[in-house]
Amino acid sequence: MSAKKIAIMQPTYLPWVGYFALMDAVDEFVLLDDVQFARRSWQQRNQIKGPAGAIMLTVPVLKKGKRDQLVNEAEINTESDEAKKHARSIELAYAKAPYWAKYSAGLLTEITKPRPLLADYNITLIERIRDDLGIKTTLLRSSTLPIDGKREDRLVSICQERQAAVYISPTGSSDYLSESDAFQRAGIKLLYNDYKHPASYPQLHGEFVSHLSAIDLLLNCGEKSLEILRSGVNLVEAAQFHAR
């Protein structure tokens, strides 16, 4: 039996392909929903591709009196019509995509369904895209786990609680993880996914644009999407990565 692998990421809005490639590379994917919410981050926005290029879609979040809040406390401004606008923008961008008919109904239903909390909204969409991509990884919320600590100690605590022997991290966390030996002390193997975005895939609207929401890949490539996103996975041991 192979060692249990885990990854931990915040629940972002309509995540990019690298997010799902990391999810696909592990046995359990923990959604870090009980840490500080960051405004104007990928937690509430992402990009699709329209006829004129990349389009940013942003979920409006209530601000007044909510300067310090956790991800799972952030509230969507439900008085806004933004969800319907996002659905319309996606339809205008992808109605002619090869797999629009197959995936659009489920996707747009979840985008337009009212939800008061951003984390719930994002996680439902993440689950929808995971299933459509054919990824089998189990998803968990950190807020449901009996864990403690901050930063890398919190990550280690999650791995220990879930009895994971391997933690796979995105390279964006390498700076602060390189300053800690928390994983080594806990006997947990640390790997980085040095993900390389696919150089191209069939896409509407002219010249290829990378680092869009994974729905761009899904609606254009359908059942081939999983193979395409897996092509960018590059797992590197921590010592090797930090020695570069």
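Values below: every heavy atom of this structure, side chains too, minus hydrogens, waters and symmetry copies. Keep in mind that what you see is a predicted model, and the values were worked out from it rather than measured.
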May I ask you to say whether K5 pairs ionically with E28, meaning some side-chain N is under 4.0 Å from a carboxylate O? no

Tell me which one of R115, K113, R141 satisfies salt bridge (charged side-chain N to carboxylate O under 4.0 Å, His left out) with D120. R141

Within the 4.5 Å heavy-atom criterion, are I111 and I90 side-chain neighbours or not? yes

With a 3.5 Å distance limit and no angle check, can you tell me whether K4 reaches the backbone of R162 through a side-chain donor-acceptor pair? yes

Please enumerate all residues that pass salt bridge (charged side-chain N to carboxylate O under 4.0 Å, His left out) together with K224, with sequence neighbours excluded. none

The salt bridge (charged side-chain N to carboxylate O under 4.0 Å, His left out) partners of R154 (sequence neighbours excluded) come to D34

Does I6 reach the side chain of V166, with side-chain heavy atoms less than 4.5 Å apart? no

Rounded to the nearest 0.5 Å, the CD1 atom of I126 sits from the CE atom of M9 at a distance of 9.0 Å

Any pair counted as ring pair (Phe, Tyr, Trp, His ring centres under 6.0 Å), so long as it reaches residues 114-167, sequence neighbours left out: Y13-Y121, Y167-F183

Would you say S142's side chain and D33's backbone share a donor-acceptor pair under 3.5 angstrom? yes

Might you point out which heavy atoms bring A21 and L229 nearest each other, and give the distance in Å? CA-CD1, 3.4 Å

With heavy-atom distances below 4.5 Å as the criterion, would you say the side chains of L191 and V236 are in contact? no

Taking NZ, NE, NH1 and NH2 as the nitrogens, is one of them in D81 or K85 under 4.0 Å from a carboxylate oxygen of the other? no

To the nearest 0.5 angstrom, please state how far the NZ atom of K84 sits from the OG1 atom of T112. 8.5 Å

Does L62 belong to the same Ile/Leu/Val/Met/Phe/Trp/Tyr cluster as V59, with side-chain heavy atoms less than 4.5 Å apart forming each link? no

Report yes if the side chains of P170 and L22 come closer than 4.5 Å at any heavy-atom pair, otherwise no. yes

Gap between atom OG of S143 and atom CG of L32 - 0.5 Å precision: 9.5 Å

Pair listing, side chain to side chain donor-acceptor pair (under 3.5 Å) test, anchored in residues 42-56, at least two apart: Q10-Q43, K49-Q203

What's the separation between atom CD in E152 and atom SG in C159, rounded to the nearest 0.5 Å? 12.0 Å

Donor-acceptor pairs are to be reported for all side-chain atoms of residues 204-213 against protein atoms at under 3.5 Å, with residues two or more places apart or in another chain.
from: H205; atom 1: NE2; to: A93; atom 2: O; distance (Å): 2.7
from: S213; atom 1: OG; to: L14; atom 2: O; distance (Å): 2.9
from: S213; atom 1: OG; to: I215; atom 2: N; distance (Å): 3.2

Considering only NZ, NE, NH1 and NH2 on the basic side and carboxylate oxygens on the acidic side, decide whether E82 and R88 come within less than 4.0 Å. no

What residues form a ring-ring contact (aromatic ring centres under 6.0 Å, His included) with F20, not counting sequence neighbours? none

Do L133 and L218 have side chains that approach each other closer than 4.5 Å (heavy atoms only, starting at C-beta)? yes

When every non-hydrogen atom of T109 is compared with those of A105, the smallest separation belongs to OG1-O, 2.8 Å

Using side-chain heavy atoms (C-beta onward) and a distance below 4.5 Å, is T58 in contact with R40? no

With E161, which residues qualify under salt bridge (charged side-chain N to carboxylate O under 4.0 Å, His left out), at least two apart? none

Contacts of type salt bridge (charged side-chain N to carboxylate O under 4.0 Å, His left out), residue D194, not counting sequence neighbours: K196, R244

Side-chain heavy atoms under 4.5 Å apart, restricted to Ile/Leu/Val/Met/Phe/Trp/Tyr: what other residues fall into the cluster of L117, or is it alone? none

Ring pair (Phe, Tyr, Trp, His ring centres under 6.0 Å): pairs with one or both residues in residues 214-237, sequence neighbours excluded: none

Answer yes or no: is there a side-chain heavy-atom contact under 4.5 Å between I76 and P116? no

Whether E73 side chain and L70 backbone form a donor-acceptor pair below 3.5 Å: yes

For a quick test of reading the model, state the closest non-hydrogen atom pair linking G149 to D153 and the distance between them. CA-CB, 4.4 Å

According to side chain to side chain donor-acceptor pair (under 3.5 Å), does anything in residues 93-103 pair up with another residue at least two apart or in another chain? List the pairs. Y94-D216, Y99-E223

Check this for me, if you would: do K136 and D131 make a salt bridge, where the nitrogen-to-carboxylate-oxygen distance has to be below 4.0 angstrom? no

Do L107 and L92 sit in the same hydrophobic cluster, where Ile, Leu, Val, Met, Phe, Trp and Tyr count as joined when their side-chain heavy atoms come under 4.5 Å apart? no

What pairs with Y195 under ring-ring contact (aromatic ring centres under 6.0 Å, His included), at least two apart in sequence or on another chain? W16

N193 side chain to N234 main-chain N or O, any donor-acceptor pair under 3.5 Å? yes

